[in-house]
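Computed from a prediction, not measured in an experiment: that's the story for all the values here. Counting convention: from 1, in listed order, for ligands and their atoms alike. For the numbers below, each heavy atom of this structure counts, side chains included, while hydrogens, waters and symmetry mates do not.
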Amino acid sequence: MSAMGSPQATGSNSSGGRPPAAIPHLAIDPFSIAFFDDPFPAHQALRDAGPVVYLETWNVYGVARYAEVHAVLNDPATFCSGRGVGLSDFAKETPWRPPSLILEADPPAHTRTRAVLSKVLSPTVMKQLRQHFTAVADATIDGLLARGSFDAVVELAEAYPLSVFPDALGLRPEGRQHLLPYAGLVFNAFGPPNELRQSAIARSAPHQAYIAEQCQRENLAPGGFGACIHAFADTGDITDKEAPLLVRSLLSAGLDTTVYGIGAAVYCLARYPDQLARLRADPTLARNAFEEAIRLESPVQTFFRTTTRAVDIGGSEVGEGEKVLMFLGAANRDPRRWAEPDSYDVTRKTSGHVGFGSGIHMCVGQLVARLEGEAVLSAIARKVASIAISGPVTRRYNNTLRGLETLPITLTAA
Ligand code: OVV
């Protein structure tokens, strides 16, 4: 293969006549508590073992270097999503819920649903939301400064998205306590059948019932993302049956991800006071400071693809119908791609990070996420002088998401 790791079709001597390289087998379980507690030595081992590895615990391939993760993300014909982007292969097992019409779909079906959600979450729509999202972030930080000490996970990382996103979607006030448990379930369900996945699915019925109900047109307030999706059924872009499932995608992926993203950013600023000082000196860095936190912490750590044909990855052949696990978090700290990969730098050139993915499936809600992140970090930049960690930090465990359970902090006002 080429040095940059572009996967090549096999069967036509694609390795230039060289024999295929043996693929290293590793015993690392990337869905274990020990791995979640400290993934970084394992990420390095995964990257250094080779361009592609075989993970014996779950009988899947893995890519952890930036070049191969980027290449897999950008070859959706070879590395498909329609057989699921978790461990389970939808060609062999029944999915735990009806597949997503955007995440778990390939072109041409994906192209049509993607176009609808892109319009619903477009730059024009962000312009209409910006003033409100900024005002709520300012008020949230003012309130937290008055309190001084609080848990930044519950009171900021969860509270802020919960105070803007469900309203933007058009959800009724009742039942919103199901939203974070449902999202936690969705992201645990991408993982293997371990305790995290099995216990989440076992308790999922009330959360699934709530979500299914809120996806219906009559339950979505006019002007919101949900009503906007249903309006595309009137123009024929999607069917009446597809609209609720596309609303479900926003309910699955639109809230918890930003909770983890904002949590990551606050955790970074608390650990890097020099970077908070630079942000305070230039609040216009807020958007990039959020982006850099997404790179460094990679709230979405992994996704799978499934091979549609035999393919060469880094000089080794991977057969058809194999699951390939992409380590987004490892790629975002690959020293082959990033200078000082493990440090938080609010002025870093973050473009190219794969925390939102890359290619045709790249996060369709990224503008909402960035608007929320920028609003919170801009408020912090203008109003907060210091962030001190003031108690024990604990981790929240999820098969896909990386983030904290508690982050006790004390703020001082500027
Ligand atoms: C990116 C993402 C995560 C989880 C769920 C979905 C998408 C969905 O489309 O349901």
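- When atom types are taken as modelled, the side chain of Lys323 and the backbone of Asn59 share no donor-acceptor pair closer than 3.5 angstrom.
- Asp345 and Arg295 are not joined by a salt bridge, as no carboxylate oxygen comes within less than 4.0 angstrom of a charged side-chain nitrogen.
- Judged purely by distance below 3.5 Å, without hydrogens or angles, the side chains of Ser298 and Arg402 never pair a donor atom with an acceptor atom.
- Atom numbering of ligand 1 starts at 1 in the shown order; those under 4.0 Å from a heavy atom of Val186 are 4 (C), 5 (C).
- Contacts between Phe190 and ligand 1, counted as non-hydrogen atom pairs separated by less than 4.0 Å, involve the side chain only.
- The Phe187 neighbourhood of ligand 1 comprises atoms 3 (C), 4 (C), with distances under 4.0 Å to a heavy atom of that residue.
- Proximity to Ser249 (heavy-atom distance under 4.0 Å) selects the following atoms of ligand 1: 8 (C), 9 (O), 10 (O).
- For atom 2 (C) of ligand 1, the nearest protein heavy atom (residue, atom name, distance) is Ala253 CB, 3.4 Å.
- Looking at every heavy atom in both residues, Asn188 comes nearest to Asn399 through OD1-N, 2.8 Å.
- Atom numbering of ligand 1 starts at 1 in the shown order; those under 4.0 Å from a heavy atom of Ser100 are 8 (C), 9 (O), 10 (O).
- Heavy atoms of Arg97 approach ligand 1 to within less than 4.0 angstrom.
- In the vicinity of Ser252, heavy-atom distances shorter than 4.0 Å reach the ligand 1 atoms 5 (C), 10 (O).
- No donor-acceptor distance shorter than 3.5 angstrom exists from the side chain of Arg248 to the backbone of Pro244, with no hydrogens or angles considered.
- The six-membered or imidazole ring of Tyr182 lies away from that of His207, with a centre-to-centre distance of 6.0 Å or more.
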